[in-house]
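Quick notes on the structure that follows.
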There are 2 protein chains.
Amino acid sequence: MSLRLPRRASNGRKDATRLALLEAALNVFGEKGYHGAAVDDIVDRAGRSKGAAYFHFPSKAAIFRALVRELANQLVNSIQRKMDDVDSPAERLDAALLGLIDVFVRHRALARIVLIEVAGAGRAFSDDLIFVRRQFADLIERELDRAVEIGAIPPCDTHLIATAWFGALNEVAVHWLHDPDAGSLHASYPSLRQLLLQSVGFSPAEVDRVPLHA
Amino acid sequence: MSLRLPRRASNGRKDATRLALLEAALNVFGEKGYHGAAVDDIVDRAGRSKGAAYFHFPSKAAIFRALVRELANQLVNSIQRKMDDVDSPAERLDAALLGLIDVFVRHRALARIVLIEVAGAGRAFSDDLIFVRRQFADLIERELDRAVEIGAIPPCDTHLIATAWFGALNEVAVHWLHDPDAGSLHASYPSLRQLLLQSVGFSPAEVDRVPLHA
DNA sequence: ATCAACAAACCGACTGGTCAGTCGGTTTTT
DNA sequence: AAAAACCGACTGACCAGTCGGTTTGTTGAT
């Protein structure tokens, strides 16, 4: 699980260390949670030293923050790209849902951090929490706005609905993270898809039309 | 904010102390989060001593666990009661939604703990997390099943949908908790209500019919 | 009713472990 | 030779949990 983390061009020893630290942080935070993870854990896993860590980041919180924002950006970009592969709002929303599920399934540590740890790390991180959630919600909101514009769905509170949608996926994913054996996340996709599309008033024809590129 | 916490009959000095501790825990955990709160904080706020705390509970984690389960039980019962005041599935689901919003608005510390802290406290508490979430979801699921049974909505994956619904409300509430000035939670109720009822295929007539007992 | 004797409930100073962050020193790069 | 990057032993603060001791409540014998 190497993961995509090269926000800044990753050449030179400095960047390599920064990357190694962030990648270790991803795994350690993902496994033990923010409070359960010690900086020494991250440092050890990265094969670096505490000095290196505090050369690159001013604090443990800063490591976490950098990681979260990096992950969120990469994730949002990746989803955006998948959405741009298709045209109609219904298809694009569908692509967003399936894309998120795919990533979560493939990178559980990422899912844990973005979906659970940011929320639970404490009030000091609530700005980061909102930042991440808002990014995802905006992705959805824009598409809903477009659907309203072209008359695919009736006008509605797209901001609220985007938030609610993300919450719905979030909750399902949290249960899955807790007990992955209780059923794959992909298995929830068809029901979730129908639920979401139907909730904003896409016509039944449209709800059924979009192919399930599973 | 005295709050409803008399699970076991609250008479005698012993029970009074237990209650005082739990109520203090509610406020302290609600303000500082699980990891940010020290047992001494709770003890001080309760006007008791550390000895008393460890006489009643074997550990800090046990205090948290007892509090969470107590809150969840009370909350679920209270919502169930509100649901039983009306008859049709749509009305009952509506009552559940509004009831939850009401309680969260009135008791932010409770909302913070049930919606955020349990999830963020760490993997050691994931059983409690699931316990709480499942209780709420079951409340919804039962009603959805009934709606399917009487033909008010088409058959669907009620288990998944109940989970998703709770997630939707959860997410909206989390944003509200982060910035209560951005808009009251009650203001989101009409849109949320329509979104949820419509998502499972209640007829438009039914969606509009139910009075908004705001 | 009175009072020992006992237990239940409570107190708070103390301890031991953990861990974020520091800093003098070393290696690598420019 | 100067600066950038890195090393890892150390420290100081914090805090969950302990424990000897005190107070409050209960029992039951006289």
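Since we're looking at a predicted model, the values are computed, not measured. Order of the sequence lines sets the chain letters (A, B, ...), proteins ahead of strands, with each chain counted from 1. Side chains are part of it too, since the values below use all heavy atoms of this structure and drop only hydrogens, waters and symmetry mates.
- Of the listed nucleotides (D:dG17, C:dC10, C:dG21), C:dC10 has the atom at the smallest distance from the side chain of B:His56.
- Dashed line: the shortest gap from a side-chain N or O of B:Thr17 to OP1 or OP2 of C:dA9 is not under 4.0 Å.
- Atom-to-atom, CD1 of B:Ile63 to C1' of D:dC15 comes out at 13 Å; the value is rounded to the nearest Å.
- Atom CZ of A:Phe55 and atom P of C:dT28 are 16 Å apart (whole Å).
- Under a 3.5 Å cut-off, the side chain of B:Lys82 and the backbone N or O of B:Leu98 do not form any donor-acceptor pair.
- No more than 12 heavy-atom neighbours from other residues, nucleotides or ligands sit within 6.0 angstrom of CG on A:Asp87.
- Relative to the side chain of B:Lys50, the nucleotides C:dA20, D:dT18, C:dC11 differ in distance, and D:dT18 lies closest.
- As rounded to whole Å, 13 Å separates atom P of D:dT24 from atom CZ of B:Arg48.
- Between the CG atom of A:Leu21 and the P atom of D:dA5 there is a distance of 13 Å, rounded to whole Å.
- Side-chain polar atoms of A:Glu31 and A:Asn27 form no donor-acceptor pair below 3.5 angstrom.
- Between A:Phe136 and A:Phe166, the ring planes lie parallel to each other; the angle is under 30°, not in the 30° to 60° tilted range.
- Using cut-offs of 30° and 60° for the angle between ring planes, the A:Phe64 and A:Tyr34 rings count as tilted.
- Taking atom CD1 on B:Ile42 and atom P on D:dC15, their separation rounds to 12 Å, with Å as the unit.
- Within residues 31-41 of chain A, the residues approaching DNA chain C are A:Ala37, A:Ala38, A:Val39, by heavy-atom distance under 4.0 Å.
- Side-chain atoms of B:Arg134 and B:His159 form a donor-acceptor pair, as typed in the model, at a separation below 3.5 Å.
- Within the structure, salt bridge (charged side-chain N to carboxylate O under 4.0 Å, His left out) contacts touching residues 159-179 of chain A (residues at least two apart or in different chains) are A:Glu171-B:Arg133.
- As a whole-Å value, the separation of B:Phe57 CZ from D:dA16 P is 15 Å.
- Residue A:Lys60 places at least one side-chain N or O under 4.0 Å from the OP1 or OP2 atom of C:dA20.
- Nearest nucleotide to the side chain of B:Ser49, out of C:dC11, C:dA9, D:dC6: C:dC11.
- Considering only side-chain atoms of A:Tyr54, the nucleotide from C:dA8, C:dA20, D:dG17 that sits closest is C:dA20.
- Taking atom CG on B:Asp15 and atom C1' on C:dC10, their separation rounds to 15 Å, with Å as the unit.
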